[in-house]
Amino acid sequence: MFDKSVYVNRRERLMQKMSGGLVLILGNGEAPANYTDNTYKFRQDSSFLYFFGLNQPGFAGVMDVDSGETCLFGNDVDMDDIIWMGPQPSVKEQAASVGVVNSAPFAKLAEVLQQAISAGRKIHFLPPYRFRNMLLLEDLLGIHHSLVKKYASLELIKAVVSLRSVKEQCEIDEIDRACNIGYEMHVAAMKNALPGVKEHYIAGLIEGIAASYGSMVSFPVILSQNGETLHNHDHSKTLTVGRMMLTDAGAETTMNYCSDFTRTVPVGGRFDQRQKDVYNIVLACNNKAIEIARPGVTYQYVHLEVCKVLAQGLKDLGLMKGDVNAAVAAGAHALFMPHGLGHMMGLDVHDMEDLGQIYVGYDDETRPIQQFGTSSLRMGRRLEKGFVITDEPGCYFIPALIDQWREQGLHKEFLVYDKIETYKDFGGIRLEDDILITDNGSRFMGERRTPITVEEVENTING
Ligand code: GLY
Ligand code: MN
């Protein structure tokens with residue numbers, strides 16, 4: 001964990017932002033996979049990690065905004081736990097390690113909250129995303145579990161988002177580390193993108209690289225030679241010459257900071273001309289975002305400018321036609337890129353998505369655009385120094401979507417359907433980097449940019 005002053009400072013800043021009452025931050029519990037004692041790998045709640053830093057199950061933290069006091073609730077281990085898990089520090093010691101003076105058994109939490117409710121005090125909590133915590137909130141606050149999300153505190157959500165959006169130097173260092181692991185994962189994937197290799201072999205190999213750093217993947221690996229399916233978790237195919245393998249994967253450090261990269265490479269190590277042409281358009285899109293992303297610019301603007309690069313490239317290839325600006329304004333390009341340019345990244349790969357994407361990616365000034373494709377943009381608001389975001393343009397040929405649009409005659413004035421038809425066997429390309437918004441621009445995260453040009457990728461695969 002970071003130095004305890006980091007957590008003390010974060011809690012103080014949070015309390016300064018709040019108008020009063022108690023702030024309840026629930027940690028996560030163990031989640032059984034197929035029976036109680038066989039659990040999924042434990043993943044702590046990210047806001048709990050942010051304010052309390054402790055990466056064990058069964059904790060909750062309460063900050064009293066009016067008195068400024070903080071208390072950690074959790075149970076000390078008993079002899080049975082020591083026998084099976086080894087000795088563990090006491091809750092009091094763990095609390096002290098993150099600068100919390102007060103601690104109490106978990107059962108005391110209900111009492112403290114009931115007293116506050118009786119005194120008419122407000123209890124702020126974040127929207128739960130695990131059923132365990134929904135049920136816990138029902139027990140603690142008497143709100144039916146189906147309604148607890150609705151009663152989450154908007155004031156707290158906005159305060160947490162404002163803090164977690166701007167990364168501290170210690171967080172930037174961790175994300176750089178996660179990106180360095182991501183680099184290794186992607187280079188290993190490239191080197192193994194050979195005909196006859198099973199997709200699940202490479203998926204397992206790169207997951208193992210993340211695990212070998214004592215960490216884990218930041219989300220289930222997306223890897224497929226059918227890259228036109230945006231989040232393809234089916235790794236059952238055998239790689240074939242003529243296809244491209246799309247790998248979208250990242251690591252979490254032991255401190256739970258994430259990376260998220262996508263590369264698309266030719267199986268066997270040589271792009272054909274058609275692949276190269278589309279690949280270079282997507283690369284130009286990726287580079288455009290880095291060129292124009294800076295403090296003061298909205299990411300919605302960056303997204304739309306990138307879409308114009310995509311549309312221009314596809315027009316040059318004869319797949320689109322007409323005025324490029326008008327095509328993007330109409331949403332015609334979304335046939336090829338039906339997703340947003342990127343999202344915030346930090347303790348979560350889609351940072352703070354549990355708090356509500358609208359509060360993370362948008363604000364009163366920048367509202368979502370309700371048009372197919374751009375409506376999937378998770379991050380639209382004005383960029384600030386210290387934001388970490390992904391830059392992930394793509395170009396996909398999704399046969400079912402092409403058929404549907406063609407049947408409906410959608411955007412006929414911008415789409416050359418007869419030519420598009422001939423790309424139905426193409427697959428998809430996505431190129432994703434992670435960037436930090438700096439004083440007057442942006443920089444790639446991690447020591448080195450993962451190989452991305454046609455030449456770099458071909459050289460990596462061919463050794
Ligand atoms: N890398 C997966 C995603 O951004 O959704
Ligand atoms: Mn991403």
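Worth knowing before you read on, the calculation uses all heavy atoms, side chains too, and leaves out hydrogens, waters and symmetry mates. Every number for a ligand or one of its atoms is a count from 1 in the order of the listing.
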Student: Taking Asp348 first and then Arg164, would you say they form a salt bridge - that is, a charged N and a carboxylate O separated by under 4.0 Å?
Tutor: yes
Student: Might you confirm whether atom CD of Glu455 has over 12 heavy atoms from other residues, nucleotides or ligands at distances under 6.0 Å?
Tutor: no
Student: Find all protein N or O atoms under 3.5 angstrom from an N or O atom of ligand 1 and list the pairs with distances, or write 'none'.
Tutor:
| residue | atom | partner | partner atom | Å |
| --- | --- | --- | --- | --- |
| ligand 1 | 1 (N) | Asp248 | OD1 | 2.8 |
| ligand 1 | 1 (N) | Asp248 | OD2 | 3.0 |
| ligand 1 | 1 (N) | Asp260 | OD1 | 2.8 |
| ligand 1 | 1 (N) | Asp260 | OD2 | 3.0 |
| ligand 1 | 4 (O) | Asp260 | OD2 | 3.3 |
| ligand 1 | 4 (O) | His343 | NE2 | 2.9 |
| ligand 1 | 4 (O) | His350 | NE2 | 2.9 |
| ligand 1 | 4 (O) | Glu392 | OE2 | 3.4 |
| ligand 1 | 5 (O) | His231 | NE2 | 3.0 |
| ligand 1 | 5 (O) | His350 | NE2 | 2.9 |

Student: Assess whether side-chain contact (heavy atoms from CB on, under 4.5 Å) is satisfied between Met15 and Val23, documenting all intermediate values.
Tutor: CA-CA 8 Å; Met15 285 193 265; Val23 170; 5.7 Å; no
Student: Take the Mn ion (ligand 2) and tell me which protein N, O or S atoms are nearer than 2.8 Å.
Tutor: Asp260 OD2, His343 NE2, Glu392 OE2, Glu432 OE2
Student: Just wondering, are more than 12 heavy atoms of other shown residues or ligands nearer than 6.0 Å to OH in Tyr201?
Tutor: no
Student: Is Lys41 salt-bridged to Glu207, going by a charged N under 4.0 Å from an acidic O?
Tutor: no
Student: Could you please spell out the steps behind the side chain to side chain donor-acceptor pair (under 3.5 Å) verdict for Tyr129 and Asp45?
Tutor: CA-CA 10 Å; Tyr129 50 90; Asp45 174 77; 2.8 Å; yes
Student: Taking only residues two or more places apart in sequence, or in another chain, which ones meet Arg382 in a salt bridge (Lys or Arg N to Asp or Glu O under 4.0 Å)?
Tutor: Glu365
Student: Looking at residues at least two apart in the chain, or sitting in another chain, which of them share a salt bridge (Lys or Arg N to Asp or Glu O under 4.0 Å) with Arg367?
Tutor: none
Student: Take Thr460 and Arg263 through the side chain to side chain donor-acceptor pair (under 3.5 Å) test and state the conclusion after the steps.
Tutor: CA-CA 12 Å; Thr460 304; Arg263 289 294 184 265; over 6 Å; no
